[in-house]
2 protein chains.
Amino acid sequence: MDMRKLVGRNFARLRREKDLTQEQIEERSGISQQYLSGLERGQRNPTVITLYELAQALGVDHIELVRPSDEDAKG
Amino acid sequence: MDMRKLVGRNFARLRREKDLTQEQIEERSGISQQYLSGLERGQRNPTVITLYELAQALGVDHIELVRPSDEDAKG
DNA sequence: TTAGTTTATCAACTATAATATGTATTTAAG
DNA sequence: CTTAAATACATATTATAGTTGATAAACTAA
């Protein structure tokens with residue numbers, strides 16, 4: 001189970017659904033665009049505080065880290 | 001919102017509900033008893049990978065980080 | 001009390017999360 | 001094609017996550 005990829009994929013998806021750029025997330029959260037780029041590519045292992053700050057920047061109030069189904073895990 | 005305290009309180013509660021010691025969690029997860037002590041006292045900011053390893057050691061497959069109610073936040 | 005178990009504290013250390021800066025690459029639009 | 005915006009890449013630095021070892025403190029039971 002690659003938590004980096006799980007978090008990265010979900011963050012990227014949510015950011016795009018809300019039509020926000022990495023720069024806009026940086027403005028809202030103070031987390032650098034370069035870091036966000038690495039995060040979305042599954043190269044980062046954020047702390048729970050960083051995860052919470054990202055959720056706030058996305059306007060999300062409920063973070064779930066669920067063991068993905070076998071089907072999901074394949075990709 | 002103090003994520004350290006939120007995670008620490010919930011981890012300690014779940015661990016006790018399952019009658020596990022910090023040492024037993026160390027055996028299962030490889031995360032040191034000293035670290036777990038600090039975590040439960042709200043002094044640690046774990047990464048998502050550490051959080052996932054802790055969840056596995058507890059036998060939990062669903063992690064939720066929810067913005068607590070005002071009432072909960074008081075304590 | 002004693003002994004055993006569990007948790008907390010301390011210090012030194014290693015690994016890596018996160019920042020800062022600059023730049024290169026990609027992508028979309030004219 | 002050009003241009004601008006968005007994203008990816010590289011490097012160096014700082015802050016802190018997490019380990020290790022030893023030990024102190026707290027708690028329970030005999």
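Worth saying up front: this structure is predicted, and the values here are computed from it rather than measured. Throughout, protein chains are lettered first and strands after them, A, B, ... in sequence-line order, and every chain is numbered starting at 1.
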Salt-bridge contact A:Glu40-A:Arg9 (side-chain N to carboxylate O under 4.0 Å):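 Looking at A:Arg9 together with A:Glu40, the answer is no, because their closest N to O distance does not fall below 4.0 Å.
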
Quick check: closest heavy atoms across A:Asn10 and A:Arg13, and the distance to 0.1 Å?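 Smallest heavy-atom distance, with atoms named: OD1-NH2, 2.9 Å.
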
Report the distance from atom [atom1] of [X] to atom [atom2] of [N], rounded to the nearest whole Å.
X: A:Arg44; N: D:dA8; atom1: CZ; atom2: P; value: 13 Å
X: A:Ile49; N: D:dA15; atom1: CD1; atom2: C1'; value: 13 Å
X: B:Leu39; N: D:dT16; atom1: CG; atom2: P; value: 17 Å

Not counting sequence neighbours, which residues clear side chain to side chain donor-acceptor pair (under 3.5 Å) with A:Glu26? List them please.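 In terms of side chain to side chain donor-acceptor pair (under 3.5 Å), with neighbours along the sequence ignored, A:Glu26 is linked to no residue.
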
Using a 4.0 Å heavy-atom cut-off across all strands, classify [X] as base, sugar-phosphate, or nothing.
X: B:Ile31; result: sugar-phosphate
X: A:Thr47; result: sugar-phosphate
X: A:Arg16; result: nothing

So if I take residues 21-28 of chain A and measure heavy-atom distances to DNA chain C, which residues fall below 4.0 Å?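 Output list: empty, so none.
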
Hey, are the side chains of [X] and [Y] touching, using non-hydrogen atoms and a 4.5 Å cut-off?
X: A:Leu36; Y: A:Leu54; value: yes
X: A:Glu64; Y: B:His62; value: yes
X: B:Ile25; Y: B:Gln22; value: no
X: B:Pro46; Y: B:Val7; value: yes

Pick the closest DNA chain C nucleotide for A:Gln33 and for B:Arg41 by heavy atoms, then say which residue is nearer the 5' end.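 It is B:Arg41 whose nearest nucleotide is closer to the 5' end.
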
A:Pro46 or B:Tyr35, whichever maps to the more 5' nucleotide of DNA chain C: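 Looking at DNA chain C, the more 5' nearest nucleotide goes with B:Tyr35.
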
Span of DNA chain C, from the first to the last nucleotide whose atoms fall under 4.0 Å of chain B heavy atoms: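 Contact span on the strand: C:dT6 to C:dA17.
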
Roughly how far apart are A:Arg15 CZ and A:Glu17 CD, rounded to 0.5 Å?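 Here the interatomic distance stands at 11.5 Å.
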
Can you check whether any acceptor in the base of D:dG18 is under 3.5 Å from a donor in the side chain of B:Gln34, or vice versa?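 There is none.
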
Tell me if a side-chain donor or acceptor on B:Asn45 pairs with a main-chain N or O of A:Ile49 at a distance below 3.5 Å.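 Looks like yes, one N/O pair under 3.5 Å.
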
